Amino acid sequence: MLKTYSFSRRSLLLLIFGLLLAFFISAAQIATAHATAIKVNAIEKSGLHQTLVQANPDNLDENSVELIISDMQGQHEGKMRGVPASYDWSQTPRVKLGNNPGELQALIGWGIVNEAAEGNPAANTRVELGEIHTYLLQKSNNRWLALQSSIPVGAAYREDFAGGINIPADIRQEPQGTISVTAGNGYNFHFWSRNRAGIDPNDVAGVFTTFRARLILDNPSQPDDRDIARYLALAGADYWTNVCSSSGERNADAAIGKAKYVTREWKYFNMTTASPEVLRNNPPPLE
């Protein structure tokens with residue numbers, strides 16, 4: 001009887017030890033599996049984020065090569081009021097002279113702020129504009145040259161630009177050194193860098209124009225109607241005969257970028273004549 005009792009106690013202790021060991025092994029396995037699941041979930045979320053960013057580069061807070069490429073592809077985000085459908089840039093961005101200015105020896109970056117075709121019911125919203133920058137990719141050394149960087153100047157032009165008719169624009173100087181504008185009643189705000197830049201027409205491998213814009217309140221003490229504002233903006237650049245205005249001078253655009261809605265947050269608007277391959281291999285300066 002004593003031997004049987006001793007054997008049963010040892011067996012019981014071994015059984016308890018085995019159960020405890022199995023418990024700790026299972027707990028460790030569960031913890032490892034949980035940690036692995038967290039990592040996989042994080043990887044999947046990261047991959048999803050990257051996929052979304054690539055699919056909609058406008059989600060980026062800063063300018064990027066992919067956003068520049070996107071701004072020369074697809075349809076405009078909206079139709080600009082007053083721009084005839086017959087204009088070859090009314091629906092999509094497009095390249096015109098591209099990197100072939102011919103005998104034109106000057107370049108200037110520009111932009112447009114235009115009400116959307118569906119109407120702009122906001123009465124207390126303005127469009128704030130930062131500096132406009134223009135760069136030239138030189139064939140001779142494959143380097144991007146900064147041509148222009150300034151707070152833009154401009155005027156209110158007819159939305160269809162017929163006859164070059166324009167009137168003084170509603171421009172307000174903002175405390176941080178930027179300007180803000182409005183557009184409407186058949187007129188846009190067409191703006192450009194302060195001066196044309198001289199170029200060698202035989203040394204052009206790419207042109208890049210960029211600026212930032214956002215919606216701000218006209219009167220902060222009045223209701224905030226920015227969420228119903230419908231302003232579109234786009235970037236472009238023109239070649240001109242020379243840097244100085246003269247009678248009989250000629251001009252033609254290099255390209256016109258995508259029209260996108262201006263929002264509460266700063267957004268970049270870009271135009272380029274460089275191909276996606278060139279941009280990815282040799283990115284321009286990103287402001």
Side-chain angles (χ1 to χ4, degrees), residues 43 45-77 88-89 91-112 130-150 152 192-193 196-213 233-240 252-260 265-287:
I43 291 171
K45 286 183 176 179
S46 176
L48 177 61
H49 173 71
Q50 291 300 321
T51 300
L52 291 174
V53 165
Q54 291 171 4
N56 186 7
D58 272 355
N59 287 337
L60 297 175
D61 295 331
E62 300 296 335
N63 210 357
S64 70
V65 167
E66 295 308 314
L67 179 57
I68 297 168
I69 293 171
S70 173
D71 279 356
M72 294 303 298
Q73 297 176 339
Q75 299 282 318
H76 293 322
E77 288 186 356
D88 62 3
W89 53 274
Q91 306 294 327
T92 64
R94 65 103 176 95
V95 176
K96 190 171 185 179
L97 293 189
N99 302 327
N100 302 290
E103 297 180 352
L104 304 179
Q105 301 181 36
L107 181 68
I108 191 167
W110 52 261
I112 299 172
E131 291 184 337
I132 183 168
H133 306 271
T134 301
Y135 300 89
L136 178 75
L137 179 60
Q138 300 169 290
K139 279 184 181 178
S140 56
N141 56 20
N142 201 36
R143 293 180 181 176
W144 288 95
L145 174 67
L147 292 182
Q148 297 164 324
S149 180
S150 70
W192 50 86
S193 296
R196 301 175 193 172
I199 62 168
D200 177 352
N202 299 310
D203 195 28
V204 180
V207 176
F208 169 49
T209 297
T210 183
F211 66 86
R212 292 196 306 162
L234 59 75
D238 280 356
Y239 293 115
W240 286 80
D253 72 81
I256 297 176
K258 181 184 293 182
K260 302 187 296 187
E265 305 301 323
W266 282 112
K267 181 188 287 188
Y268 280 91
F269 297 80
N270 303 294
M271 179 285 301
T272 187
T273 63
S275 69
E277 180 182 5
V278 168
L279 292 170
R280 291 183 177 120
N281 292 332
N282 186 11
L286 300 176
E287 299 302 326

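None of the values given here were measured: they were computed from a predicted structure. The figures that follow rest on heavy atoms only: side chains count, while hydrogens, waters and symmetry mates do not.
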Residues in side-chain hydrogen bond (donor to acceptor under 3.5 Å, both in side chains) with W89, at least two apart? none
Those residues that, when tested against W192, pass ring-ring contact (aromatic ring centres under 6.0 Å, His included) (two or more places apart): H190
Answer yes or no: is there a donor N or O on one side and an acceptor on the other, between the side chain of Y268 and the main chain of A213, under 3.5 Å? no
For residues 202-211, pull every pair meeting salt bridge (Lys or Arg N to Asp or Glu O under 4.0 Å), keeping only residues two or more places apart or in separate chains. none
Do K258 side-chain atoms and Q73 backbone N/O form a donor-acceptor pair below 3.5 Å? yes
Check whether T272 reaches the backbone of V207 with its side chain - one donor and one acceptor, N or O, closer than 3.5 Å. yes
Could you pull out every donor-acceptor pair under 3.5 Å between side chains of residues 99-108 and any protein atom, sequence neighbours left out?
residue : atom : partner : partner atom : Å
N99     : OD1  : G206    : N            : 3.4
N99     : OD1  : T273    : OG1          : 2.4
N99     : ND2  : A205    : O            : 3.2

Who pairs with E265 by side-chain contact (heavy atoms from CB on, under 4.5 Å), at least two apart in sequence or on another chain? T263
According to side-chain contact (heavy atoms from CB on, under 4.5 Å), who are the partners of V65, at least two apart in sequence or on a separate chain? I69, L279, R280, P283
Quick one: closest heavy-atom pair of M72 and P93, and the distance? C-CG, 3.6 Å
Partner set under ring-ring contact (aromatic ring centres under 6.0 Å, His included) for F269, not counting sequence neighbours: F211
Those residues at least two apart in sequence (or on a different chain) that pass side-chain hydrogen bond (donor to acceptor under 3.5 Å, both in side chains) with Q75 are none
With distance as the sole test, does W144 use its side chain to make a donor-acceptor pair with the main-chain N or O of N282 at under 3.5 Å? yes
Neighbour count above 12 (heavy atom, 6.0 Å) for E277 CD: no
Is there a donor-acceptor contact under 3.5 Å linking the side chains of H133 and T210? no
Those residues at least two apart in sequence (or on a different chain) that pass side-chain hydrogen bond (donor to acceptor under 3.5 Å, both in side chains) with R94 are D88, D253
Taking only residues two or more places apart in sequence, or in another chain, which ones meet D200 in a side-chain hydrogen bond (donor to acceptor under 3.5 Å, both in side chains)? none
Flag, side chain of S150 to backbone of P152, donor-acceptor distance under 3.5 Å: no
Between the CD1 atom in I256 and the CG atom in D238, the distance rounded to the nearest 0.5 Å is 8.0 Å
Quick one: CZ on R196 to CG on L147, what's the gap to the nearest 0.5 Å? 14.0 Å
Going from NZ on K260 to CG on N270, what distance comes out if it is rounded to the nearest 0.5 angstrom? 6.0 Å
